[in-house]
Each structure stands twice: as structure tokens, then as C-alpha cells.
Protein chains: 2
Amino acid sequence: MCTALHLQESAGCISRRVRAGQNLYRQGEAQRSVFAVRSGSFKSTLTLAEGSARICAFPMAGDVMALDGLGSATHATTMTALDDAQVCAIERAPGGPATGPAFELSGHLARLMSDEILRAQRVLVLMATSSAQDRLGAFLMDLSRRHRAQGYSGRDFTLRMTRSDIGSFLGMALETVSRSLAGMHAQGVIEVTNRRVQITNLESFSKRYGTWL
Amino acid sequence: MCTALHLQESAGCISRRVRAGQNLYRQGEAQRSVFAVRSGSFKSTLTLAEGSARICAFPMAGDVMALDGLGSATHATTMTALDDAQVCAIERAPGGPATGPAFELSGHLARLMSDEILRAQRVLVLMATSSAQDRLGAFLMDLSRRHRAQGYSGRDFTLRMTRSDIGSFLGMALETVSRSLAGMHAQGVIEVTNRRVQITNLESFSKRYGTWL
DNA sequence: CGATGAGTTGAATTCATTCAATGTCGGTGG
DNA sequence: CCACCGACATTGAATGAATTCAACTCATCG
């Protein structure tokens, strides 16, 4: 895996706090840096000219944000903190779009960007081929995996986003998120208490939902 | 706009022909280069571990392919020619993932990659928020725009892919593609004869479907 | 020309949405 | 301290969009 750590280590990096609910940056703003998440979690929202919007990602510790704006030097999405968070700003070189030692694209950043492309494409497969409940299962599986990667349990975690956010991300109504959670509970694989999710039967759960992302 | 031209000009570039139906590369293969399309058109298919697949893009003249494999040095999708096509292979440096003069990521390639991320995210918004017919309309609009960018008509073009391909790309059954085309014809905005599409009422068409991508 | 893959169209079904009502959690102020 | 409020969440019932299954037609290419 390739995380934000390499970027943090490699270059001048300005630490910054963001309060829950605040925007780290807004769609359309000039972009001066990319950000690595140190702690907390975010949601990135993309709004089309037409007015419809969707949540594109839920970055958390170890993820890099704002890669989609590197080329155009403009933020493509709005990044909102779900928690009180701490980020690390990696500044752009003033001249070119991505030069300077902090932007040594040849190595890690190229991987980060192609991973980002791949991630989006995988979600697209998911959206195009599977049912609402399967999509939600894959989403929880992904969250579980990322929590584990951070050293946490992986079968007992707290959702930082609302049902509505999840629905926006997965392309379903918030009511369908609720019903799908209830459905998975009826299958005996998870336990849900408000925003706390416990995977009670990991074998069965990953058998059903684990093959996606 | 940033096209493949810059890459073709900048570096050693090996020309290559691909016949209709043949694969330029397959998912999982080691990646030795990225490709710029000179002529013809392609489809890229991503298959998940689970077995479900989706068409992720329809690259045509001016587009760059295989950016999603740059980081991992492995092709993330299978790229199939829809036409007899001509491509231009831009070789990877043997050592790092993307070094050497041909891979000057600092400039154009960074833009190409972030554009690719953005494109995938826009499609995701589309998939999550709009009806089958609106998605198809946006797709045709996108094709029209790309044809125009190549100096062609933009309101009279030929689809290179099957209804099934379109359905896979847009996340709908091939029958729904048919019905949506019929629906748009009933609205009086397009004329469809097999794979030829004519936009008969461009103002009305772009009013309905033009605000998406 | 026949054969085969591609495309259209109809009818029944299913999955998800929408609308609506109700329930729960956290904070804020009386 | 508790009541109240608003945001978040659950659940039910009706509706609707898209899929599935099926029959049939139309191109295209040996």
C-alpha cells in the first residue's frame, strides 16, 4: 500500500486543524496544495453544473485529498470535515502545476493518483452491477478494511457520516440505507446501534459482501 | 484542453496497429507503457474479483489509455479495439514507476491523470442521481462533444459500440438503452438508424441533456 | 443466402423511491 | 434537572422506473 505517509515525510508540510462541519476547501477555489489526513475524517462533494451533487469519497487518516484538482489547479470538490480533524498541507510549487521537491510525481504521487482512478472505477462497477444492499455491504467492508489498516478493530466501528451521506455516496435514498442495514441485521451478520456497526459474523459477512472492492 | 498530442510530441513513441476486436492489453498484465489513441476507438473493461464487469471508458482519438495502471505497473483494465485502430505506445522507464523524459509527470501527465479522476467522479454523480434516459442523453452529449473536438460534425455520428456496451457503461440493461433511444426519438430530438445517431434538434437536446458532463 | 449476433418491442415482475408517520438522540435554555 | 427542539433515523404503504423474460425483426458477414 501507498499512504500519505511518504508525502508527509518527504517535504515541507504545514499542519492545520479543521473543525467538524467546516470546509477545508470548496469546489472552484484555486488550489495551493494537496492534503494528507492525519486524524479525523472528511467527505468530498462534487456538484455538477446542473445542480445535482454526490459525495465522492470519505477520506480518513492516511488518505490524500485534492488529487483531482492537481491538473487544473482548481479544487474539483468541496471537502468537509465530519470530525474535528488534523491535516497536513503539501504546497504546490508556485510555477508549474506540480513541480518542486514536495511534488515528486515520479514516485508516490503517481501511484496515489492512479490508485484514485482505480478506486473510482471500482465504485462504478459496483454502482452498475449490484443491488443496494450489496453496495452497502461493500461499503461497510471497505470501511472495515480501512479501519483495520489504521490499527483498529475492523469489526466494530463508528460511522462518521449520516445515512443521507452514505446514500449519496452509494446512489440510493437514505431510507434504502436504513432498510439495507436492517436487512443485513436480519441476515445475522451485523449489529447496528445508531452509528455504531458491529460485524457479528465476519466469515458470513465477507462471504456475502467481501468480494467487491 | 490537454490531449495526448503533448505526449506524442514529447518523447519516443512507438506506433502500433490494433485490429477490431483485439485486445491492446489485458487486466493483470505487466504494464510497459501508456498509450495514446491516434485513430479508431476502444473500450476498457474492469472485472472485479467477484466476477462482475463494467465498461469504464470509450477512448478515441486524442485520449490516453492505461493511466490507471501507472502506479501499480499492472494493467487495471482490459482494452479492446472497437475499430481497426492505431495507437502510440509511450514506454515506461525500466526502473521507477514513471520516470524518464517520456514520463515527465510534472506537467501534462499530472493533468491527464487528475482529469481522469474527475471524469470518473462526474460519471459517478450521473449514475447516482439521474434516470436512465438522462444518463444516455449525457452520454450522447459527451460523444458529440468529443467528435466535435476532433473536427467532425457533432450532430451526426456513428456509435462504435453495441447497445450492450453502452448499457454496461451506463449501468442499465441493453433493452433500456433501446427504449431510452426510442424515448428521445419520441421527444423529437434525435434520429436513430442502427448505429447512426443524428441530433435533429440540438437546442432542445442540449437543453434537456447538456448540463451533465 | 443462410446463419448468427445485434436490436427492438411487449408484458410481467422486482427493486428501489417517494411520501408520510413515528421514533430516537443530543444539545440548549428555562 | 428536565422539557423541548431540531436533526437524524426507522418503518410502512403506494408508486414508479427499470429489469427480466420472451418473441420477433433486422443487419452483417462468412
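Here the structure is a predicted model, which means the values were calculated and not measured. Numbers restart at 1 for each chain; the letters A, B, ... are given by sequence-line order, proteins then strands.
- For the residue pair Ser114(A) and Asp68(B), no side-chain donor N or O sits within less than 3.5 Å of a side-chain acceptor on the partner.
- Residue-level contact check: Thr162(B) touches the backbone only, with heavy atoms under 4.0 Å from sugar-phosphate atoms and none from bases.
- Between the side chains of Ser52(A) and Glu50(A), at least one donor N or O sits under 3.5 Å from an acceptor N or O.
- Counting to the nearest Å, the C1' atom of dT10(D) and the NE2 atom of His185(A) are 14 Å from each other.
- For the pair Ser130(A) and Asn194(A), nearest-nucleotide mapping onto DNA chain C gives the more 5' position to Ser130(A).
- Backbone-only contact: Arg195(B) has heavy atoms under 4.0 Å from sugar-phosphate atoms and none from a base.
- Taking atom CG of Leu170(B) as the reference point, atom C1' of dA18(D) lies 14 Å away to the nearest angstrom.
- In this structure, Leu181(A) reaches neither bases nor backbone, as no heavy-atom distance under 4.0 Å exists between it and the strands shown.
- Whole-Å rounding puts the Glu191(A) CD to dT10(D) P distance at 13 Å.
- Checking Thr80(B) against Asn23(B) by side-chain atom types alone, a donor-acceptor pair falls below 3.5 Å.
- Between the side chain of Arg179(B) and the base of dG10(C) there is at least one donor-acceptor pair of N/O atoms closer than 3.5 Å.
- Atom P of nucleotide dC8(D) and atom CD1 of Ile166(A) are separated by 13 Å, given to the nearest angstrom.
- Considering only side-chain atoms of Ser131(A), the nucleotide from dC21(D), dA16(C), dT19(D) that sits closest is dA16(C).
- Backbone-only contact: Gly171(B) has heavy atoms under 4.0 Å from sugar-phosphate atoms and none from a base.
- dA18(D) atom P lies 14 Å from atom CD of Glu175(B), rounded to whole Å.
- Whole-Å rounding puts the Asp134(A) CG to dA16(C) C1' distance at 14 Å.
- Side chain of Thr176(A), nearest nucleotide from dT11(D), dA16(C), dT17(C): dT17(C).
- Here dA9(D) is the nucleotide among dT18(C), dG7(C), dA9(D) with the atom lying nearest to any side-chain atom of Ser178(A).
- Per the geometry, CG belonging to Leu159(A) stands 10 Å off P belonging to dT10(D), to the nearest Å.
- Residue pairs meeting the salt bridge (charged side-chain N to carboxylate O under 4.0 Å, His left out) criterion with at least one member in residues 134-143 of chain A, sequence neighbours excluded, are Asp142(A)-Arg145(A), Asp142(A)-Arg146(A).
- For dA9(D), the OP1/OP2 oxygens have a side-chain nitrogen or oxygen of Arg163(A) closer than 4.0 Å.
- In the interface, the side chain of Gln133(A) is not paired with the base of dC15(C) through any donor and acceptor atom under 3.5 Å apart.
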Going through the distances and angles, do Phe35(B) and Tyr25(B) end up as a ring-ring contact (aromatic ring centres under 6.0 Å, His included)? CA-CA 10 Å; Phe35(B) 299 91; Tyr25(B) 52 81; 5.7 Å; yes
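- In this entry the distance linking CG of Leu174(B) with C1' of dA6(C) reads 9 Å, nearest Å.
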